[in-house]
Amino acid sequence: MSLYKNFSLGFYFFLTIICLSCNRGPYASTNKSYKKQAKQFAKTIQQAPLKDSIATGNWIGTTNFNLRKPNFVIIHHTAQNSCEQTLKTFTTVKSQVSAHYVICKDGTIHHMLNDYLRAWQAGISRWGNNTDINSSSIGIEIDNNGFEAFTDQQINSLLTLLTTLKKAYGIPAANFIGHADIAPTRKNDPNVTFPWKRFADSGFGVWWGDTTNVQVPADFNSLQALRIVGYDIKDSVAVIKTFKRKYEQIEDKSSALNDADKKILYTLYRKFE
Ligand SMILES: [Zn+2]
């Protein structure tokens, strides 16, 4: 009897050890590191006045303020082979990249960073005159190797997530954009299969309309139109390729715009005038 009791106690002890290690999970130490870093930033926010700001000696704290909000959403594909690989990349210090959300092929959404904090996802980029897009945006990475179609589950999860973010932070439709839009010389994500029209129809992004009766003026300047939409037009070849990939879903090597392309661009640009 006592032998049996000892055995069962030992067995339960063994089970407890197993469960403790499974509760810790593979990301226990990186979660701890996250909390430590967030605490450090909380200390910065609590400084009154901020030590690095101009010291006038006349600090008086206002009573009226809140947190700064994200005003853009940047959509990416991971260009990696699995969700697990991406989660690992974003929890490895040496990669120096991250995103707020990662959406796996089965539609699972992993939230990796508080929306009010700055992820390292946009890199060197520009949209209009905004050159620090990480500071004003939320980055969403979709698990995709860069060449495959996005799954229905991913599209549905993304629509749900964008609906929540748009409502929470009052983000305008035109500010839901792709990584390639803000970095056309370096990036092509989300890839050519991404259904931008479907997203624009749901209020995330801007789409061109019916071009049947559109007359493009003779003096229409395509590059200036792209600039008004938001593109950095320094590299015209890259920006026109990005435009065709997004608005016509074609991977076109040429930087030429035919009459049909111009009608689409003209119709789009009129929405930004
Ligand atoms: Zn990207």
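Both backbone and side-chain heavy atoms feed into the values below; hydrogens, waters and symmetry mates do not. Just so it is clear, the structure is predicted and the values come from calculations on it, not from any experiment.
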Check: Ile109 and Val102 side chains under 4.5 Å, non-hydrogen atoms: no
Heavy-atom pair with the smallest gap, counting every atom of Ile138 and Leu165: CD1-CD2, 3.8 Å
Main-chain N/O of Gln153 paired to Asn156 side chain as donor or acceptor, under 3.5 Å: no
Exercise: identify the closest heavy-atom pair between Leu223 and Ile233: O-CG2, 3.4 Å
Linked, directly or transitively: Leu159 and Trp207 (ILVMFWY side chains, under 4.5 Å): yes
Nearest heavy-atom neighbours spanning Leu257 and Lys244: CD2-CE, 4.1 Å
Separation between CH2 of Trp208 and NZ of Lys263, rounded to the nearest 0.5 Å: 11.0 Å
Verdict with reasoning, Arg270 to Tyr266, per side-chain hydrogen bond (donor to acceptor under 3.5 Å, both in side chains): CA-CA 6 Å; Arg270 293 293 303 268; Tyr266 181 68; 2.9 Å; yes
Backbone N/O of Glu148 and side chain of Asn191: donor-acceptor pair under 3.5 Å: yes
Thr89 and Val97, any side-chain heavy atoms less than 4.5 Å apart: yes
Main-chain N/O of Ala183 paired with Ser125 side-chain donor or acceptor, under 3.5 Å: no
Full working for side-chain hydrogen bond (donor to acceptor under 3.5 Å, both in side chains) between Gln121 and His76: CA-CA 9 Å; Gln121 37 102 18; His76 305 254; 2.8 Å; yes
Disulfide (SG to SG under 2.5 Å) partners of residues 215-273, not counting sequence neighbours, each pair once: none
Criterion side-chain hydrogen bond (donor to acceptor under 3.5 Å, both in side chains) on Asn175 and Tyr169, from CA distance to verdict: CA-CA 12 Å; Asn175 290 2; Tyr169 306 118; over 6 Å; no
Stepwise side-chain contact (heavy atoms from CB on, under 4.5 Å) check, Ile75 with Ile177: CA-CA 6 Å; Ile75 296 167; Ile177 50 182; over 6 Å; no
Shared hydrophobic cluster for Val214 and Tyr247 (ILVMFWY, side-chain gaps under 4.5 Å): yes
Contacts table for residues 194-204: side-chain donor-acceptor under 3.5 angstrom, sequence neighbours left out:
residue: Lys197; atom: NZ; partner: Asp201; partner atom: OD2; Å: 2.8
residue: Ser202; atom: OG; partner: Arg198; partner atom: O; Å: 3.0

Distance, nearest 0.5 Å, that separates CD1 of Ile264 from CG of Asp259: 11.5 Å
Nearest-0.5 Å distance that lies between atom OH in Tyr116 and atom NZ in Lys69: 8.0 Å
Least distance between heavy atoms, Phe176 atom then Lys166 atom: CZ-CB, 3.8 Å
Check against side-chain contact (heavy atoms from CB on, under 4.5 Å), Gln96 and Val93: CA-CA 6 Å; Gln96 296 286 287; Val93 174; 4.0 Å; yes
Distance, nearest 0.5 Å, that separates CG of Asp152 from CG of Asp106: 13.0 Å
Electrostatic pair Arg118-Asp132, nearest N-O below 4.0 angstrom: yes
Whether Ser98 side chain and Trp120 backbone form a donor-acceptor pair below 3.5 Å: yes
Over all atoms of both residues, closest heavy-atom pair of Ser157 and Ile103: CB-CG2, 4.0 Å
Could you list the donor-acceptor pairs under 3.5 angstrom formed between side-chain atoms of residues 235-243 and any protein atom two or more places apart in sequence or on another chain?
residue: Asp235; atom: OD1; partner: Val237; partner atom: N; Å: 3.2
residue: Asp235; atom: OD1; partner: Ala238; partner atom: N; Å: 3.1
residue: Thr242; atom: OG1; partner: Ala238; partner atom: O; Å: 2.8

Contact summary for Leu265 and Ser222, nearest pair of heavy atoms: CD2-O, 3.6 Å
Test item: Asn130 side-chain N/O and Trp127 main-chain N/O as donor-acceptor pair under 3.5 Å: no
Side-chain heavy atoms of Ile140 within contact of His100, under 4.5 Å: no
Val206 with Tyr269, same ILVMFWY side-chain cluster at under 4.5 Å: yes
Shared hydrophobic cluster, Val229 / Val216 (ILVMFWY, side-chain heavy atoms < 4.5 Å): yes
Atom pair CZ (Arg126) and CG (Asp232), whose distance is rounded to the nearest 0.5 Å: 5.5 Å
Side chains of Val192 and Ile250 in contact at under 4.5 Å (non-hydrogen atoms): no
Stepwise side-chain contact (heavy atoms from CB on, under 4.5 Å) check, Asp261 with Glu248: CA-CA 8 Å; Asp261 301 327; Glu248 302 185 53; 2.7 Å; yes
Donor-acceptor contact below 3.5 Å, side chain Gln154 vs main chain Thr151: yes
Chi angles and distances behind the side-chain hydrogen bond (donor to acceptor under 3.5 Å, both in side chains) call for Thr193, Gln249: CA-CA 7 Å; Thr193 70; Gln249 290 201 285; 6.0 Å; no
Steps toward side-chain contact (heavy atoms from CB on, under 4.5 Å) verdict (Tyr34, Leu113): CA-CA 9 Å; Tyr34 178 100; Leu113 180 65; 3.6 Å; yes
Donor-acceptor under 3.5 Å (Asn221 side chain, Gln224 main chain): yes
Under 3.5 Å: donor-acceptor pair, side chain of His179, backbone of Ala122: yes
Expected output: side-chain Lys246 to main-chain Asp181 donor-acceptor under 3.5 Å: no
Phe90 reachable from Leu161 in the ILVMFWY side-chain graph, under 4.5 Å edges: no
Under 3.5 Å donor-acceptor, His110 side chain and Met112 backbone: no
Distance-only side-chain donor-acceptor flag, Gln80 / Thr86, under 3.5 Å: yes
